[in-house]
Amino acid sequence: MSDKQVAVADPAVEQEQQTKPKKQPRYNVVLWDDSDHSYQYVVMMMRKLFRYPVEKGFQIATQVDSHGKAICLTTTMEHAELKRDQIHAYGKDDLIPRCKGSMSATIEPAG
């Protein structure tokens, strides 16, 4: 008789190894319109905070102006919270004298 053992694959272990890890839920960072911020402000904020090119920033500014809101980014909850907080901390629009502070942004579940 041989001392060698034969390894038998456990179907439950194989199945577990084949399943993909669960993806984290996605959230939208939503920028809200107001009359106290200029297109230039939105474009520059999108460039600085999201590293978007001028064209993408202008597209977001146009959507905010025409639809009242725009999705800036879809990401994980933690990253969405960070970007929302960065928008809130960005500061006032120096091109509009009545402007008192940053734009408003929220996060919402994507989909």
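Criterion: ILVMFWY side-chain heavy atoms under 4.5 Å apart, direct or through other members. Under it, Met77 and Leu49 are part of a common hydrophobic cluster. Under the 4.5 Å side-chain heavy-atom criterion for ILVMFWY residues, a single connected hydrophobic cluster contains both Met103 and Leu73.
Gln24 CD to His79 NE2: the interatomic distance, rounded to the nearest 0.5 Å, is 12.0 Å. Between atom CD1 of residue Ile107 and atom CG of residue Asp85 there is a gap of 8.5 Å, rounded to the nearest 0.5 Å. Atom CD of residue Glu78 and atom OH of residue Tyr27 lie 9.0 Å apart, to the nearest 0.5 angstrom. Atom CG of Leu31 and atom CD of Gln63 lie 10.0 Å apart (nearest 0.5 Å). Once rounded to the nearest 0.5 Å, the distance linking CZ of Arg84 with SG of Cys72 reads 13.0 Å. Residue Asp33 holds its CG atom at 10.5 Å from OG of Ser104, rounded to the nearest 0.5 Å.
A pairwise comparison of heavy atoms in Cys99 and Gly101 identifies SG-O, 3.3 Å as the closest pair. Shortest non-hydrogen contact noted between Ser102 and Ala89 is OG-C, 3.8 Å.
Contact check on Asp94 versus Lys92 returns a salt bridge, with a Lys/Arg side-chain nitrogen under 4.0 Å from an Asp/Glu carboxylate oxygen. One finds a salt bridge joining Asp36 and Arg98 here, because a Lys/Arg side-chain nitrogen approaches an Asp/Glu carboxylate oxygen to under 4.0 Å.
Counting heavy atoms from C-beta on, the side chains of Arg26 and Thr76 come closer than 4.5 Å. Arg51 is not listed as a side-chain neighbour of Lys56, based on a closest heavy-atom distance of 4.5 Å or more.
In this structure, Asp65 has no salt bridge (charged side-chain N to carboxylate O under 4.0 Å, His left out) partners at least two apart in sequence or on a different chain. Considering only residues two or more places apart in sequence or on other chains, Tyr41 meets the ring pair (Phe, Tyr, Trp, His ring centres under 6.0 Å) condition with His37, Tyr90.
At distances below 3.5 Å, at least one donor-acceptor pair connects side-chain atoms of Asp93 with backbone N or O atoms of Leu95.
Taking Ile, Leu, Val, Met, Phe, Trp and Tyr as members and joining any whose side-chain heavy atoms lie under 4.5 Å apart, directly or through other members, the hydrophobic cluster of Val54 also contains Tyr39, Val43, Phe58.
With Val29 as the fixed residue, the side chain to side chain contact (heavy atoms under 4.5 Å, CB included) test singles out one of Thr74, Thr106, Ile87: Ile87. A side chain to side chain contact (heavy atoms under 4.5 Å, CB included) with Tyr52 is found for exactly one of Arg47, Met46, Met45, namely Met46.
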